[in-house]
Amino acid sequence: MKQWPTRRKHQRAAAFYLIAKFERGRRYNESSVTEVLDRWAPFRDAALLRRTLVEEGLIARTPDGREYWTTSGE
């Protein structure tokens, strides 16, 4: 993925593509999430991607943002 899609439908598909790159049942810290996202989305906007995954209900995080994990919304 070279850039974030502009159409909502394509953004949702991209979010599902990215969540598939995470290991189920594993807890990630923010820097680990950023590493995964940067590897699969080289345009390097991890904040946008983390926010999108949370908004789509594909990933959850603690209130302080220290831990992330995939959800059953996959």
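When a residue number appears, it is its place in the shown sequence, counting from 1.
Here the shortest heavy-atom pairing between Asn29 and Ser31 reads OD1-OG, 3.0 Å. Among all heavy-atom pairs drawn from Leu37 and Ala46, the shortest one is CD1-O, 3.9 Å.
Between Arg50 and Glu35, none of the side-chain N atoms (NZ, or NE/NH1/NH2) sits under 4.0 Å from a carboxylate O, so this pair counts as no salt bridge.
At a threshold of 4.5 Å between side-chain heavy atoms, the hydrophobic network of Ile, Leu, Val, Met, Phe, Trp and Tyr places Val54 and Leu18 in one connected group.
Listed for the Thr71 side chain is a donor-acceptor partner under 3.5 Å among the backbone atoms of Gly57. Not one N or O on the side chain of Glu30 forms a donor-acceptor pair closer than 3.5 Å with the backbone of Arg66. Side chain of Tyr28 to main chain of Val36: no donor-acceptor pair is present (N/O by atom type, distance under 3.5 Å, no hydrogens or angles). Side chain of Arg24 to main chain of Phe22: a donor-acceptor pair is present (N/O by atom type, distance under 3.5 Å, no hydrogens or angles).
To the nearest 0.5 Å, the span separating CD on Gln3 from CZ on Phe43 amounts to 8.5 Å. The distance from the OG1 atom of Thr62 to the CD atom of Glu67 is 6.0 Å, given to the nearest 0.5 Å.
A donor atom on one side chain and an acceptor atom on the other are not found under 3.5 Å apart for Thr70 and Arg26.
By the 4.5 Å heavy-atom criterion applied to side chains, Leu49 and Trp4 are counted as neighbours. Inter-residue side-chain proximity for Thr52 and Gln11 is flagged as unmet; no heavy-atom pair is nearer than 4.5 Å.
The aromatic rings of Trp40 and Tyr17 stand perpendicular to each other, their planes meeting at an angle above 60°, with 30° marking the opposite boundary.
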